[in-house]
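Taking it in order: structure first as structure tokens, then the write-up.
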Amino acid sequence: MNLSPQKKMETPPQGKTAPVVIYIAAAAVLLAGWGGTRLLSLHAPAEKHRVGRMLLAPMIAVADPCIMQPQQPAATGDARVDALARSCTGPDGSAAQLVESTLSTLQPRGTTVATTPQLLGYTLAAPLLQLFRPEDDNWAIDTERVQRIARTIRDTSRPVILYLFATHFATDAPLEAALASDSTNLAQTRDGPMAQGRYYDSAVNNWSLASTATDLTARRVQAARALLSELCRLPAADLAKIQGVTLLGELHHLFPDFEAGMGFDRPYRVTDYGPHSTAGFQQFLKQEFTSIARLNRVLGSEYRSFDEVLPPGRDIRSEPLQRYTEHIDSFAHGTLPVSGWVFSDAPKRSTYPAWVHVYADGIFMGKTPVEQGRQDVLEAKPEFGFANTGWRMDLDFRTLAPGLHRIDVFMENAPGQISLMGTRQIAIMDRQQKTPVLHPQKPLPPHAQLSTSVQFHIDQPVEQASYYYNPLVPLWHTFRGRQVTEYLRFFDQVVNASCLKAVPHYTHQIIPFTNPSWDANKFAIQASLQKQTSGGLKLGVSLYGHASYGAGFHKWYASTGHHSYGVTEFHPLKPMSTEELRQTLDRHERKGADFLSFFIEPYWQGKVVARGHNLFSFDPENRKFGADKLYDAMRQHLAQPQ
């Protein structure tokens, strides 16, 4: 019997990282613009963020075309281009005029603050590792760039979200190459430090977050402190424009082949296995269990001391193990996904959502709605017309005894009417890898033949897949998640040491579990999405596809304990009417969103700035994912009275 996993249709990475990738690759700045605030003159008093009113904070690509420009750029002979350069540079240069010029293309003329649906501000991304210049054999803060960021806030009358940007996506900063040459700055799989990778057209620096005692962290902190110090010199009226600070951008653990390795069909390689991380894991176990005897009882192991406990890093199917607790794969923590996609062209699907029912050995295990985004399916089958064909239910296989089990998957397309989509046989293995025997089966419930109008695919589990539970793995994932939260808390304290301590601070995280084909444990991000037990760091999330407009995010959010949140990136990945967009925005506002950001291209004197454009920008010329229709819907939304 072949118990090895088989290949499956993989969902390409979407949303969460893709917009940041494009922002980095094309030097774009995130812009989510809403609210018909009237254009105000420079240095005018900032509009206050009214309680209960969501700030629409577009992210515009002002970094490369403006903030990172040399102090005396060479004239091009193009009057429009040279005018932009003059506004950005010089002793009083900033990106303020570019911000206003861009928002004037989106914001209707003649509107007033009192009548707009939401307030319109902007998000200002400050790429921390680009705030350095070489000096002798070292690196020094580029004071001019720092001051341009501060002057942008000073000279723009609108409220702003300050984005202290520093993720694994490369920004072509010269400092990055120097940092990447030091392996202590790099995340490590069990095979050692990870070299630079790629995500579509963007380079990925596999930075480590296992320790804050690295040169990488020191440079991030140095840049943040320099910028915060400059901002704190601004008058109080200008500081009051800063409505929130988002930290670092998406922060999570990494893995090889970031572009295609997010699923379940690759050799399992996660981070971080560096010496600092290994020692930290041992200390974590010691704090949790106090004695090695207690840990051994939980693991069924025979360790003599905590120093012997190494992070699990080998696959029992293909590699020899010295101890069973060395085993790890995408499922060793104890759950397996039952997932796939389904499409029905029956008219009733618009009034009754489809559900998928899962049975194990004839016993009902649960059901899940068909509502998750599958952009890969839509791209392969555009005739479907929408992407929300995905479904997934995580099955705790620790409740199943060792042996062979039958998994049956049904579709419910009308109340009480189910049809069998498929059956898979899987093996739950014990530590001794004894030959599994089929468990007794109960009769399946009455069901009809599946309609020929239904198209579907069951991605997981694959036929004759094997599953091994290792109780050390969930402890390892918990520790990895703690590394993420501790790094965020550390950086939060950097901001707390400045005059912006009282300004709300937000994370800028992805939510990988909304993609049914991703292995969320590879990211180890779940703990950072929950309400923190200490400190005031608030939730900031990037929402793409169904997560941006469907009920799923709000149901999850209600379970987290958070009282408010920020939408750091927003894209429905489909066109929306003005009314549909308005309802979506209003729902986020009612549920507690403080601000919402989306990408928009920079405009100068009525024309788009020449640059590598962001694939996810709302823009009249961008037809990808309905972005042109979303831009038009946003303009219409901002033109309507509250």
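None of the values given here were measured: they were computed from a predicted structure.
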Partners meeting ring pair (Phe, Tyr, Trp, His ring centres under 6.0 Å) with Phe513 (sequence neighbours left out): Trp556
Pair listing, disulfide (SG to SG under 2.5 Å) test, anchored in residues 123-171, at least two apart: none
Can you name the side chain to side chain donor-acceptor pair (under 3.5 Å) partners of Lys629, sequence neighbours left out? none
Go through His571 and Phe616 one step at a time and tell me if the ring-ring contact (aromatic ring centres under 6.0 Å, His included) criterion holds. CA-CA 7 Å; His571 201 308; Phe616 294 89; 5.8 Å; yes
Whether Thr246 side chain and His508 backbone form a donor-acceptor pair below 3.5 Å: no
Begin with the C-alpha distance, continue with both residues' side-chain angles, and end with the deciding distance and a verdict on side chain to side chain contact (heavy atoms under 4.5 Å, CB included) for Leu162 and Leu231. CA-CA 11 Å; Leu162 176 64; Leu231 291 174; 3.5 Å; yes
Donor-acceptor contact present, side-chain Glu176 to main-chain Asp172, <3.5 Å: yes
Tell me, please, which residues at least two apart from Arg587 pass side chain to side chain contact (heavy atoms under 4.5 Å, CB included). Ala551, His554, Arg590, Lys591
Can you find a heavy atom in the side chain of Leu164 that is under 4.5 Å from one in the side chain of Leu227? yes
Would you name the heavy atoms of Thr102 and Tyr603 that are closest together and state the gap between them? OG1-N, 2.9 Å
Could you please spell out the steps behind the side chain to side chain contact (heavy atoms under 4.5 Å, CB included) verdict for Ile141 and Phe132? CA-CA 4 Å; Ile141 292 294; Phe132 290 88; 3.6 Å; yes
Do the ring planes of His588 and Phe553 sit parallel (below 30°), tilted (30 to 60°) or perpendicular (above 60°)? tilted
Using only heavy-atom distances, determine whether the side chains of Asn388 and Glu371 contain a donor-acceptor pair under 3.5 Å. no
I'd like to check the side chain to side chain donor-acceptor pair (under 3.5 Å) partners of Gln493; sequence neighbours left out, ordered by chain and number. none
Contacts of Gln222 meeting side chain to side chain donor-acceptor pair (under 3.5 Å) (sequence neighbours excluded), chain-then-number -> Arg219
Residues Arg198, Asp257: salt bridge by 4.0 Å N-O rule: no
Quick check: does any side chain N or O of Asp78 sit under 3.5 Å from a backbone N or O of Arg80, one acting as donor and the other as acceptor? yes
Considering all heavy atoms of both residues, which atom of Leu529 and which atom of Ile510 are nearest to each other, and what is their separation? CD2-O, 3.7 Å
According to side chain to side chain contact (heavy atoms under 4.5 Å, CB included), who are the partners of Ser87, at least two apart in sequence or on a separate chain? Leu84, Gln97, Trp604
Looking only at heavy atoms, the pair that brings Leu630 and Pro572 closest together is CD1-CD, 3.8 Å
Could you walk me through whether Tyr506 and Tyr565 pass the ring-ring contact (aromatic ring centres under 6.0 Å, His included) check? CA-CA 8 Å; Tyr506 301 83; Tyr565 62 98; 9.2 Å; no
Could you check whether any side-chain N or O of Tyr557 sits under 3.5 Å from a backbone N or O of Ser564, counting only pairs where one atom can act as donor and the other as acceptor? yes
Just by distance, no angles: are the side chains of Gln118 and His637 close enough, under 3.5 Å, to form a donor-acceptor pair? yes
For Ser617, does its backbone N or O pair with a side-chain atom of Asn622 as donor and acceptor, under 3.5 Å? yes
Leu378 and Gly385 have their tightest heavy-atom pair at CD1-N, 3.9 Å
Test side chain to side chain contact (heavy atoms under 4.5 Å, CB included) applied to Ile161 and Leu124, step by step: CA-CA 6 Å; Ile161 299 295; Leu124 180 59; over 6 Å; no
Step by step, would you call Gln71 with Glu144 a side chain to side chain contact (heavy atoms under 4.5 Å, CB included)? CA-CA 8 Å; Gln71 180 66 4; Glu144 175 59 28; 3.2 Å; yes
Residue list, ring pair (Phe, Tyr, Trp, His ring centres under 6.0 Å) with Phe491, at least two apart or on another chain: none
Any donor-acceptor pair under 3.5 Å from Gln509 side chain to Ser528 backbone: no
Kindly write out the residues that satisfy side chain to side chain contact (heavy atoms under 4.5 Å, CB included) with Glu579, not counting sequence neighbours, or none if the list is empty. Ser577, Arg582, Gln583
Could you go through the ring-ring contact (aromatic ring centres under 6.0 Å, His included) check for Phe258 and His168 one step at a time? CA-CA 11 Å; Phe258 190 61; His168 40 275; 5.6 Å; yes
Within the distance-only criterion (no hydrogens, no angle test), does the side chain of Thr123 pair as donor or acceptor with the backbone N or O of Ser597 below 3.5 angstrom? no
Minimum heavy-atom separation for Asp215 to Asn185, with atom names? N-OD1, 3.4 Å
For Arg623, does the CZ atom sit with more than 12 other heavy atoms under 6.0 Å from it, leaving out its own atoms? no
Determine whether a donor-acceptor pair (N or O, by modelled atom type, separation under 3.5 Å) exists between the side chain of Ser101 and the backbone of Gln605. yes
May I ask you to decide whether Arg158 forms a salt bridge with Glu100, counting only side-chain N to carboxylate O separations under 4.0 Å? yes
Do any N or O atoms from the side chain of Ser181 and from the backbone of Ala178 form a donor-acceptor pair under 3.5 angstrom? yes
Looking at Ala180 and Leu186, what are the two nearest heavy atoms and their distance? O-CD1, 3.6 Å
Quick one: does Leu128's side chain get under 4.5 Å of Phe165's, heavy atoms only? no
Please determine whether salt bridge (Lys or Arg N to Asp or Glu O under 4.0 Å) holds for the pair Lys241 and Asp238, giving the CA-CA distance in whole Å, both sets of side-chain angles, and the decisive distance to 0.1 Å. CA-CA 5 Å; Lys241 301 170 188 175; Asp238 293 322; 2.8 Å; yes
Verdict with supporting geometry, Lys574 and Glu580, salt bridge (Lys or Arg N to Asp or Glu O under 4.0 Å): CA-CA 11 Å; Lys574 69 169 188 175; Glu580 186 179 6; 3.1 Å; yes
Quick one: do Arg148 and Asp92 make a salt bridge, cutoff under 4.0 Å? no
Sequence neighbours excluded, the answer for ring pair (Phe, Tyr, Trp, His ring centres under 6.0 Å) partners of Tyr631 is none
Residues passing the side chain to side chain donor-acceptor pair (under 3.5 Å) test with Thr560, sequence neighbours excluded, are none
Between Glu601 and Lys607, does any side-chain N to carboxylate O distance fall below 4.0 Å? no
Any donor and acceptor pair, going by atom type alone, linking the side chain of Ser548 with main-chain N or O of Phe570 inside 3.5 Å? no
For His505, check side chain to side chain contact (heavy atoms under 4.5 Å, CB included) against everything at least two apart and list the hits. Val245, Asp492, Val495, Asn496, Leu537
